[in-house]
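Could you have a look at this structure, given as structure tokens, before my questions?
In the text below, chain A, chain B and the rest are named by the order of the sequence lines, each starting its count at 1.
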Amino acid sequence: MVYPKGSIVVLDTETNGLNPFSNGKIDQKGNLPGARIFCFAYFTELGEYGFMMKTSRSLAWLKRLLNDKRKTVVFQNAKFDLELLYFEGFDVLNLKAHIDDTMIMSKVVRSTAPAHDLITLSKQVLGKYDTDDKDEIVIWLKEHGNEFKKLHGRKPNFSDVPIEIVKRRVLWDVETTFYVYSKLKSMVEETCPELYETERRLIFACIDLELYGVKIDISRAKELRAQAIKDLTAIQNDLDKLVLPIQVTRKKKGIEIVEQITDKFNPGSGQHVAGAFNKLGIPLLYKTKPKKSKKGSDKKSGGGNWSFDEYAMIRYVSKPLAGVIRDSGEDGWPASKFYDEVYRVIEEYDLDEQELLPPLILKYRQVQKMISTYYDHLINDCTDTHVESSGREVGILHCKFNAQECMTGRFSSSQINLQNIPRLLGPRECFIPRKGRRNYHLDYDQVEMRFFVHFSGDQTMAAAIDEDIHRTVAAEIYDKPKEEVTSEQRKRAKGTNFGIIYGAGAATIAETLTKKGLPTSTQEGMQVTGKYHRKFPSVRRTTKAFGSELKEYGYVTNPFGRRYHIPTQFSYKMLNYMCQGTSADLMKRAMVEVWEWLRATNKISRIILTVHDEIVLECPRTEELEVVTKAIEIMEELEMFNIPMTVSVDVVTKRWSEKVKPSSLGFSFK
DNA sequence: TTCCTAGGCCC
DNA sequence: GTACGGGCCTAGGAAA
């Protein structure tokens, strides 16, 4: 175990799993709980290399390396390796060595590339195509999976693969990473060094967020789940009574087969639902549209099946019931209220019993989703579970935050996704601050709209940005003073504003407004967008300017240096990329600075999550005023292009679902 | 198993 | 003359 002389050291660890967090249970896929490192390898610019199994001696060697301030240690995806090293007792937030990350480099330099794994980088950055055998480990796992399972009763992982294979692979990894690093480093320096630096510093903030986690009231999740199961059973009974038996048509190798369903109607199956509609004599009317396929092409796929989404269901029922469905969605009614209201309205307006079908299916799907997407994970995935003196079971959920997953620059979140927790339904009741803490939600006001106004340069909009921009736009479109704008007109203007940012045409804007309960014909849509562009001509000018920039250079650069490479036929997306991406990069800068300030001043307060334009801080009462005030200051200081950035604050004392303005607790920050 | 489709939640 | 943006997760179904 020679200590390397080179100053650039590429490091790669191999582990026996992907998720280092453990609640002691084997997960649904049969993986071991609590992934750990079992070996690692290095490679330096002097050509030195080595492979080591994890031992106390090799870990000591590693610790020395990572705390050597003369070294630059390069990882492919540093967040993963460093989190695993945390579980080996490394103080990963205070390493002395400089950390670099080739995956992040690739993502900032080649943002629209479809993949950033090492094999792809080897092909695309180094131009090496002899990589077919580099998935040896995966191949071995596939070939020996069943045999291994019979012998050991579990799935094999990387640490079960013959060590020569692992060694070959990990040495190839570190060497390849080194050459990729050499190439990408100069590309980063030429194109976006500051952007990369922010992302690099963000590695540590992300690690901290993920390791610290969010506190969950598991008892509450269990209560809510139990209630949801009850609701589900009730709905299932009603549905079975209403529709069974049904005939279901399914396809097998192109041949249609008809099947009788007599025992259980499945509201989650389109075929069952179609069967139920037929049974009740409701003519099927609406079909799904083809969707754009994922990346890089304008091909469409799918479509042509009977559609049973909420908007279709609303059109299948009569007006009063459609109103119930809309109100329920807007106000987040619990299932019981929805249920009562549906039956009440059917009674009151003397509607056919068959009208029960669409609302019951909708509610069934919603409740089912809450159970499988939220409650099950909240109950099963927490670490550090214990019962508090109050008798409630609590735990910590470690979700993932990925700073590089979105091409625009936004964060994404997974396992579970903390960025799409329903605002109005049960799950937010399960998220609670730790003992003696409060959660502060710091939210940039209308940030994307601000950048939209900035890029367009429209003076009327700019003047209204701190008031109510949608109302201002409505006043212009409908030629009336702001005070006389009706709430419906404001809603239309808001829909149009967002539609324009997202690059929608008149027809799509009309359709979207219609779906939101504001019936609009394509013609009316064209009138509105026509008026919009006459009143705000700079918006179209901006779209065109981005388009010609894209055509000329093949990419457009946002104010933080992030480049968007896309085919010119998608130039309608660029306005959105610029608004969304600039906001995202602003947010990242703010987050890094808030996080580093918290560390530098030894604060107990932590950033626990971020939702696109919002940072959530968990603060002890002793420092909440100082920390929140400072965080707002940091966020607002990043004012760009003379657009004031304003931050609004909400506070959570008990449950996320009970988020309020600080003023309602008798204090404020401004 | 794996892949695709549909549906639905967030900003 | 044309185009709503970016995510994540789940269940069902069809082909292998």
query = So, A:Y577 versus A:Y564, ring centres under 6.0 angstrom or not?
reply =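 Here the rings of A:Y564 and A:Y577 have centres that are less than 6.0 Å from each other.
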message = I want to check one thing: is the phosphate of C:dG6, taken as OP1 and OP2, less than 4.0 Å away from some side-chain N or O of A:T408?
response =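 It does not, given that no N or O in the side chain of A:T408 lies less than 4.0 Å from OP1 or OP2 of C:dG6.
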request  = For A:S413, report the nucleic acid contact type (base, sugar-phosphate, nothing); a contact means any heavy atom under 4.0 Å.
outcome  =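 Sugar-phosphate: the residue A:S413, judged by heavy atoms under 4.0 Å, touches backbone atoms but no base.
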task = Mind calculating the distance between CG (A:N558) and P (C:dG6) to the nearest angstrom?
result =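 My rounded result for the distance is 15 Å.
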query = What's the CD-C1' distance between A:Q580 and C:dG7, to the nearest Å?
reply =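 In whole Å, C:dG7 C1' and A:Q580 CD are 8 Å from each other.
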query = Looking only at side-chain N and O atoms, does A:Y502 come under 4.0 Å of OP1 or OP2 in C:dA3?
reply =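 No, outside the criterion.
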ask   = Tell me: CZ of A:F498 to P of B:dC11, nearest whole Å?
value =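 The answer, rounded to whole Å, is 11 Å.
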inquiry  = Can you measure A:N576 atom CG to B:dC11 atom C1' for me and round it to whole angstrom units?
reply    =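 Going from CG in A:N576 over to C1' in B:dC11 covers 11 Å.
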request  = Indicate whether OP1 or OP2 belonging to B:dG7 is found under 4.0 Å from a side-chain N or O atom of A:S307.
outcome  =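 Looking at the OP1 and OP2 atoms of B:dG7, one of them is under 4.0 Å from a side-chain N or O of A:S307.
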inquiry  = Between P on C:dC4 and CG on A:L518, what's the gap in Å once rounded to a whole number?
reply    =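 Answer to the nearest Å: 19 Å.
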query = How would you label the contact of A:Q366 with the nucleic acid (heavy atoms, under 4.0 Å): base, sugar-phosphate, or nothing?
reply =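 Result for A:Q366 = sugar-phosphate.
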For atom CH2 of A:W656 and atom C1' of B:dC9, their distance in whole Å =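 One finds 12 Å between C1' of B:dC9 and CH2 of A:W656, rounded.
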ask   = With sugar-phosphate meaning primed atoms plus P, OP1 and OP2, does A:F411 contact a base, only sugar-phosphate, or nothing at under 4.0 Å between heavy atoms?
value =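 The residue A:F411 makes no contact with any strand.
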ask   = At under 4.0 Å between heavy atoms, what does A:Q415 touch on the DNA or RNA strands: base, sugar-phosphate, or nothing?
value =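 Contact class for A:Q415: sugar-phosphate only.
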message = In this structure, is the centre-to-centre distance between the rings of A:F498 and A:H470 below 6.0 Å?
response =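 Here the rings of A:F498 and A:H470 have centres that are less than 6.0 Å from each other.
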inquiry  = Please encode protein proximity along nucleotides 10-16 of chain C as a string of B, S and -, counting only heavy-atom distances under 4.0 Å.
reply    = SSSSSS-
ask   = When you check the gap from the basic side-chain N to the acidic O, do A:D376 and A:R225 get nearer than 4.0 Å?
value =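 Salt bridge: yes.
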query = Can we call the ring centroids of A:F277 and A:Y316 under 6.0 Å apart?
reply =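 Ring centres of A:Y316 and A:F277 closer than 6.0 Å.
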ask   = Is it true that A:R450 and A:D466 make a salt bridge, defined as a side-chain N closer than 4.0 Å to a carboxylate O?
value =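 Between A:D466 and A:R450 there is a salt bridge, with a charged N closer than 4.0 Å to a carboxylate O.
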query = Is it true that A:E488 and A:R492 make a salt bridge, defined as a side-chain N closer than 4.0 Å to a carboxylate O?
reply =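 Looking at A:R492 together with A:E488, the answer is yes, because their closest N to O distance falls below 4.0 Å.
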inquiry  = Regarding A:F308, tell me which of base, sugar-phosphate or nothing describes its non-hydrogen contacts under 4.0 Å with the strands shown.
reply    =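 Contact class for A:F308: sugar-phosphate only.
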request  = Starting from P on B:dA6, measure out to OH on A:Y364 and report it in whole angstrom.
outcome  =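 Interatomic distance, OH of A:Y364 to P of B:dA6: 21 Å.
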key: Among B:dT5, B:dG8, C:dG7, the one nearest A:M407 by side-chain distance   =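 Per side-chain heavy atoms of A:M407, the pick is C:dG7.
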inquiry  = Under 4.0 Å, heavy atoms only, any strand: does A:I421 hit a base, just the sugar-phosphate, or nothing?
reply    =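 Sugar-phosphate only.
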query = Could A:E147 and A:K155 be called an ion pair, given the rule that one side-chain N must be under 4.0 Å from one carboxylate O?
reply =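 Salt bridge: no.
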ask   = What nucleic acid atoms does A:L424 come within less than 4.0 Å of, heavy atoms only: base, sugar-phosphate, or nothing?
value =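 No contact at all - A:L424 keeps every heavy atom at 4.0 Å or more from the nucleic acid.
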query = CZ of A:F546 versus P of C:dG5: gap in Å, rounded?
reply =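 Atom CZ in A:F546 sits about 17 Å away from atom P in C:dG5.
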request  = Report yes or no: do A:K363 and A:Q366 form a side-chain donor-acceptor pair below 3.5 Å?
outcome  =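 There is such a pair (donor and acceptor under 3.5 Å, judged by atom type) between the side chains of A:K363 and A:Q366.
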request  = Look at the side chain of A:N420 against the base of B:dC9 and say whether a donor-acceptor pair falls under 3.5 Å; ignore hydrogens and angles.
outcome  =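 Yes, a donor-acceptor pair under 3.5 Å.
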query = Choosing from B:dC10, C:dG6, C:dC9, which nucleotide comes nearest the side chain of A:R428?
reply =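 Of the options given, the side chain of A:R428 lies nearest B:dC10.
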query = Does A:R410 get its side chain close enough to the base of B:dC11, under 3.5 Å, for a donor-acceptor pair?
reply =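 Counting by modelled atom types and ignoring angles, a donor-acceptor contact under 3.5 Å is found here.
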